[in-house]
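Have a look at the structure below, then the notes.
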Amino acid sequence: AVYERLAQKNPHDGKVFYNIAEAHMAADRPAKALAYFERLKNSSGISPQLYVRIAACYEMLKEPSKAKLALMEVLN
């Protein structure tokens, strides 16, 4: 809840969004984490670590083909 308020106050702070996403991953909420990671992808460009975390979300969601696509984006 604290990070959610920080995100509202600082909508362009990538660190806040990344921390929210990681908190959702740790709490076994990959769908929520994915939404934050995707938001970062659209604002920060290519970061290999970001795509790895997106792939991890898809793996947790039992969507291995989407996980593979996320990893392939790093290579392109």
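Residues passing the side-chain contact (heavy atoms from CB on, under 4.5 Å) test with K68, sequence neighbours excluded: M72. Taking L69 as the reference, nothing meets the side-chain contact (heavy atoms from CB on, under 4.5 Å) condition, with sequence neighbours excluded. By the side-chain contact (heavy atoms from CB on, under 4.5 Å) test, E38 is found to be paired with L34, K41, I54, Y58, residues two or more places apart in sequence or in another chain being considered. F17 is linked by a ring pair (Phe, Tyr, Trp, His ring centres under 6.0 Å) to Y36, counting only residues two or more places apart in sequence or in another chain. For E63, the salt bridge (charged side-chain N to carboxylate O under 4.0 Å, His left out) partners two or more places apart in sequence, or in a different chain, are K66.
What you find for A33 and A21 is that their closest heavy atoms are CB-O, 3.3 Å. Between E59 and A67, the shortest heavy-atom contact is OE2-CB, 3.5 Å. Smallest separation of non-hydrogen atoms from R29 and A23: NH2-O, 4.4 Å. When every heavy atom of F37 is checked against every heavy atom of C57, the shortest pair comes out as CD1-SG, 3.7 Å.
For the salt bridge (Lys or Arg N to Asp or Glu O under 4.0 Å) condition, the pairs that include at least one residue of residues 10-24, sequence neighbours left out, are E22-R53.
Residues M60 and V52 fall into different hydrophobic clusters, defined by Ile, Leu, Val, Met, Phe, Trp and Tyr side chains chained together at heavy-atom separations under 4.5 Å. Two different hydrophobic clusters hold L71 and L50 under the rule that ILVMFWY side chains link at heavy-atom gaps under 4.5 Å.
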